[in-house]
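Residue numbering restarts at 1 for every chain, and letters A, B, ... go by the order of the sequence lines.
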Amino acid sequence: MPLEKIKILRFRNHKEIEIEGVSATNLLIGENGSGKTNFLEAIFLLCRASPFRSVSFSDLIQWNENSFYIGGLIDNLQAEIGYSLEKKVLKINSKTVSFQEFTSNQNVLTFLPEDIFIASGSPEDRRGFIDKILSSLDSEYFFALQRYHQALKQRNSQLKLAPKDAFIWNEELIRWGSKLIEKRLTWTQLINKSIRPIYYDWYQQEIELKYLNTFKIENSIADSFAKTLEKTKIQEVYKKCTQTGPHRDNFEILSRAKNSRFFASQGQKRAISLALKLCFLENSEKIFGGAPILLIDDVLLELDANRREKFLERIGENYQTFFTATSKELLPTIQRKARVFRVENGMILG
Amino acid sequence: MFPKNLGQFIRLFSRLPGIGVKTSERLGFYILSQPKEFADSLSDAIHFLKEKAKLCSLCGNISEDDPCVLCTDTHRDQSVICVVENAMDIYSIEATHIYQGLYHVLGGVISPLDGIMPKDLKIESLLKRIQGSSIKEIIFATSPTTEGDTTALYIKEMLKGKNIRMTHLARGIPVGTALQYAGNTSLLQAIRSREEI
């Protein structure tokens, strides 16, 4: 069992929680705002040493306190994360370890309400979602993304100060931008290969993740990027920012050539985001091995009973899972095999 | 409230890089606890640092003479220039005792986000220095960041068509550490630029 015990102190709305004998399937029941998601986030921190969203660590501390602590037994290793006054301590078996060592221990995957942005959000939301997934699967992607955005920031600043020298940044921009495009193309193919059968099984419809680059690629990506930058030169000086490149790329989900944002129902949009996460799960296991802990926060309730069962079948018994819901009757199949926890005002009652 | 002189000392010292108000306070109290001779030699050291030290008009190194000892040393290889961001970098490279060529200090890297443009760096003087000289190679020892790499690429572009070899320092795993401690991206670079043995 990956996670067996967990202890949480002064974290978000949890003052003190200590749970032993965590089960393979776990169901957290509680009203809105009772602390279910916070509990999932504590597990996430114990595996990844970072919060769900980009918030500062000091925002994770309970109101009126000045430190938090999360400890747990994961895969027979004692993992601990503590934070107080700008200082973070990560420990495995009571020894202080680096971020890299701490996070290499146990993988975790979230299914969160906001994942639906991939099917309904703005182009930035969708690009952000894909960037996040690819960054965690492919460290070279993450590095290229960082370098590209730094070069882009400098170039845009250059365009404001002295536009005629913007070319200085072209080489870096093209180098890392082409890498991003190349990787987005390859990954889109891989994702399509695994998302099609999953979605077809649920809705008997073909679905496709479409990657839309900002310029036409002829010969090499780098050459085409360079040519496009040359073409947009005058426009850039006038608009004072870089007009073309991977930062403007778009991802769309299409079914029978129609865009998901227009054709899909709320349930289908949710299903698309879940299917994408399942592709991610499949690839992440291929790359890193080992079954991640799955944190499934409220996302199943938008699916009809039939598709919900199909989703659960796909997960099967291979993972340790944590589900949340406002009432246990909503997830009968899970309730039968799960250890059920009641969450009330930051307290967890076994 | 500190006495006026001590307050002034603390404000001035906390302007130094890496020193905050708290450290500055400790320094002030420490100096007060020492004999007067210590304070005198410390203030002399600071005074003469600026008085005696000059910038070498050729390479930008800190030196007592202009041109500096490195530029005037005829035993050094006059056909290689190592381009660094700051004069401090010269001393790091000199400590290796392996490099025998010349230096050129840029005084930073191109970074419009910080308001630093090519004209704010010693790029023009580097190009002038190379003009009509016997330089055959330029080694870029700028940081392996977006800004450091771009600065190197910019200078390379300026020297296009001049028959000069241009290199930058190798990137990869630090020597003497175990492989497992090398970061993912460093390791990736190291595999890309692996060498024959």
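Proximity to chain B is limited to the side chain of F167(A), based on heavy atoms less than 4.5 angstrom apart. L153(B) touches chain A through its side chain: at least one heavy atom from C-beta onward sits under 4.5 Å away, while N, CA, C and O do not. Of the atoms belonging to Q100(A), it is side-chain heavy atoms, and not backbone ones, that fall under 4.5 Å from chain B. For S111(B), the parts sitting under 4.5 Å from any heavy atom of chain A are the backbone and the side chain alike. Only the backbone of T145(B) comes within contact range of chain A, judged by heavy atoms closer than 4.5 Å.
A distance of 5.0 Å separates OG1 of T146(B) from CD of E172(A), quoted to the nearest 0.5 Å. Here CG of L113(B) is found 6.0 Å from NZ of K153(A). Values are rounded to the nearest 0.5 Å.
The environment of D59(A) atom CG is dense: over 12 non-hydrogen atoms of other residues, nucleotides or ligands sit within 6.0 angstrom. Atom NZ of K183(A) sits in a crowded spot, with more than 12 heavy atoms from other residues, nucleotides or ligands closer than 6.0 Å. Around NZ of K231(A), the count of heavy atoms belonging to other residues, nucleotides or ligands within 6.0 Å does not exceed 12. Taking a 6.0 Å sphere around CD of E124(B), one finds it holds 12 or fewer heavy atoms contributed by other residues, nucleotides or ligands. Within 6.0 Å of the CG atom in L12(B), the count of heavy atoms belonging to other residues, nucleotides or ligands exceeds 12. In this structure, Q189(A) places its CD atom where only 12 or fewer heavy-atom neighbours from other residues, nucleotides or ligands lie under 6.0 Å away. For CZ of R26(B), the number of neighbouring non-hydrogen atoms (other residues, nucleotides, ligands) closer than 6.0 Å is 12 at most. Environment of CD in Q100(B): crowded, with over 12 heavy atoms of neighbouring residues, nucleotides or ligands closer than 6.0 Å.
Counting only heavy atoms from C-beta outward, the side chains of R147(A) and D149(B) approach each other to under 4.5 Å. For the pair W169(A) and I110(B), the minimum side-chain heavy-atom distance is below 4.5 Å.
Closest of all the heavy-atom pairs between T185(B) and S139(A) is CG2-O, 4.3 Å.
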May I have the step-by-step check of side chain to side chain contact (heavy atoms under 4.5 Å, CB included) for M117(B) and L161(A), ending in yes or no?
CA-CA 9 Å; M117(B) 299 301 210; L161(A) 296 170; 3.2 Å; yes

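Most heavy-atom pairs under 4.5 Å with chain B, from the set N156(A), I168(A), N170(A), D165(A): that is I168(A).
Salt bridge E140(A)/R192(B): present, at least one basic N to carboxylate O contact under 4.0 Å.
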